[in-house]
Amino acid sequence: MGKIYLVGAGPGDPNLSTLRTREIILGCDVLVYDHLANPEFQKWTRPDCELIDVGKSPGRHTVPQEEIGKILVSKASTHKTIVRLKGGDPFVFGRCAEEMSVLDAAGIDYEIVPGVTAALACAAYAGIPLSHRDYGSSISFLTGHEDITKESLRVDFAKFAEIGGTLCIYMGMSKIEEIVDRLIKGGMPKEKPTAVVSNGTLPSQKHVRCNLGDLVEKAKGKCLQAPAIIFVGNAVGLSFQRSWFEDRPLFSKRIAITRSTAQSGKMKQSLTDLGAEVLELPLIEVIPSQDRKLVAEAFSGIATYEWIIFTSSNGAREFMRLFFMAYKDIRSFGPMRIACVGEATASIFRSYSLEVELVPAVSTAENLAQELVATDSLDSANVLVITGNRNRDVLVTMLETVGHAIVDVLSLYETDFADITKAKDLDSFKEFGADAIIFSSSSTALSYIEQEEDMTLSKGAQKPILCSFGPETSKTLLENDLSPDLQADEPSMDAMITAVTDKLSS
Ligand code: SAH
């Protein structure tokens, strides 16, 4: 018999899930989820994990509750770890108790993992205080309707009008007129501060703040729809200068990134922190690949090189991996000087407390070659250049012909086109499009050109602006009749993010 984990996914933003939630999803055999759990969680699962969508949305009960119970029981008889992922917290209007009863009856073991419930998260992300020493000393969680098929409201709102404090009303949008009416009939003044937050914590978050008397009109005017929380209470009326979440420069912008999955983490994080919704469309993959004999030769003669040059962080990482397979001690690195094309590559060496002697002011192979030549240290010097299979010869040619260096080239990885149809975010890209797509190298641009048909946008989808990392990438796009809408000031991640942010937030 397997074990069922009844897990709270939090309100939407996957960063609000608990460490326990992540740990369990990473290792589970089956993931049973509904529509309030962010699709991002599916990406955490193992490739062989079975995904079961039991999505419920207002008015559309795809899988009835009894059926969900049956699925859990049946999966527990064939699999070890089954996650039942629920939006927010499993115990807050989540029908968790019903599932526990089914599991009890079947004698199946379970664990419950709490999550951040929507009311708390929506309040935080819209900057709405729920309590205040002077304005609100109690907080109530209410439901507008527990079941869409039930006509009447179950909660006696007139009574809560008397109790006061801060009311957080879940599932209230379809009955918002009735709720407001009952609160006013129960004696609540029309001037009572209220707010509605829909799609809280997501890039599609919207909110409105107004008096109770204006709530219905204002919420409709701003097209606020479920899922949403209605807040009522004096503390809700405290307003602040900024909306920290919605005022971020890339808030609600969809940005597609195309570098390999292994390399996209930092960029995704930076864009997400600025408020963007990031779509991962890896167009290339980087695979370690080298000629063992050449590696052995380079390492055995390592003390003879005066310079070692890295044209990418992939090469740098792979070099250090091989280095530590060959040598135990960093001192075996010897006295050779290190040059790197950009700061990201240089930081890999600095993390080993190795000094990087040269990083060109502008991160291109040409600039690296020019600045190296200008050091006047190349004449007859042995130089080792670490590259990948797609690197251009320009650097080596310049070092040899202008700098008169003796150059050995060691290719340590291959960049291949990744099959875009395997990208989990591809469907979302095709259906809704994006505000921008970032090409971080010529190879991502070439791969896009080759696979453009598989990425064709649906009618009405947002056509993204094309963002190029640098002159080489722009050249590749232009040669293929695609004109970049912007190019980063220099080919680095920070410069690219600045350029995209300036363009999309202006
Ligand atoms: N167990 C969930 C609640 C499920 S009931 C929790 O703890 O949050 C579904 C209701 O939750 C929705 O109708 C809506 O009122 C609220 N809700 C869930 N996610 C939300 C979100 N991202 N933004 C606003 N309201 C949300």
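Counting starts at 1 for both ligands and their atoms, following the listed order.
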Heavy-atom nearest neighbour in the protein, as seen from [atom], with distance rounded to 0.1 Å:
| atom | value |
| --- | --- |
| atom 9 (C) of ligand 1 | L36 CD1, 3.7 Å |
| atom 14 (C) of ligand 1 | A228 O, 3.4 Å |
| atom 11 (O) of ligand 1 | Y170 CD2, 3.4 Å |
| atom 1 (N) of ligand 1 | V92 O, 2.7 Å |
| atom 2 (C) of ligand 1 | G87 O, 3.2 Å |
| atom 21 (C) of ligand 1 | G200 N, 3.5 Å |
| atom 10 (C) of ligand 1 | M171 CG, 3.7 Å |

Is the gap between the ring centers of [X] and [Y] under 6.0 Å?
| X | Y | value |
| --- | --- | --- |
| Y170 | F141 | yes |
| Y33 | F41 | no |
| F439 | Y448 | yes |

In terms of side-chain geometry, is the basic nitrogen of [X] or [Y] positioned less than 4.0 Å from the acidic oxygen of its partner?
| X | Y | answer |
| --- | --- | --- |
| K75 | D29 | no |
| R20 | E23 | yes |
| E343 | R350 | yes |
| R182 | D156 | no |
| E277 | K253 | no |
| R254 | E280 | no |

Hey, does [X] come in under 3.5 Å of ligand 1, counting only N/O atoms on both sides?
| X | result |
| --- | --- |
| G94 | no |
| L202 | no |
| P90 | no |
| F93 | no |
| G172 | no |
| S198 | no |
| T117 | yes |

Interfacing atoms of ligand 1 (cut-off 4.0 Å, heavy-atom, [X]):
| X | result |
| --- | --- |
| A118 | 6 (C), 7 (O), 8 (O), 16 (C), 17 (N), 18 (C), 19 (N), 20 (C), 26 (C) |
| P227 | 12 (C), 14 (C), 17 (N), 20 (C), 23 (N), 24 (C), 25 (N), 26 (C) |
| C122 | 23 (N), 24 (C) |
| D89 | 1 (N), 6 (C), 7 (O) |

Check your understanding: Do V102 and L72 touch side chain to side chain, with heavy atoms closer than 4.5 Å?
Key ->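 Of all side-chain heavy-atom pairs linking L72 with V102, none is under 4.5 Å.
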Point to revise | Audit row: K220, E177, salt bridge (Lys or Arg N to Asp or Glu O under 4.0 Å) steps and yes/no | key: CA-CA 11 Å; K220 290 209 163 135; E177 284 99 340; 2.4 Å; yes
What part of [X], side chain from CB on, backbone N/CA/C/O, both or neither, has a heavy atom under 4.0 Å from ligand 1?
| X | answer |
| --- | --- |
| N199 | backbone |
| V197 | backbone |
| A226 | neither |

Check your understanding: Distance only, no hydrogens: is a donor on one side chain within 3.5 Å (strictly under) of an acceptor on the other, for R317 and T345?
Key ->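 The answer is no; no qualifying pair exists.
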Exercise for review: For salt bridge (Lys or Arg N to Asp or Glu O under 4.0 Å), just list the numbers for E318 and R321, CA-CA rounded to whole Å, side-chain angles, deciding distance to a tenth of an Å, and then say yes or no.
Suggested key: CA-CA 5 Å; E318 187 56 10; R321 190 182 73 83; 2.8 Å; yes
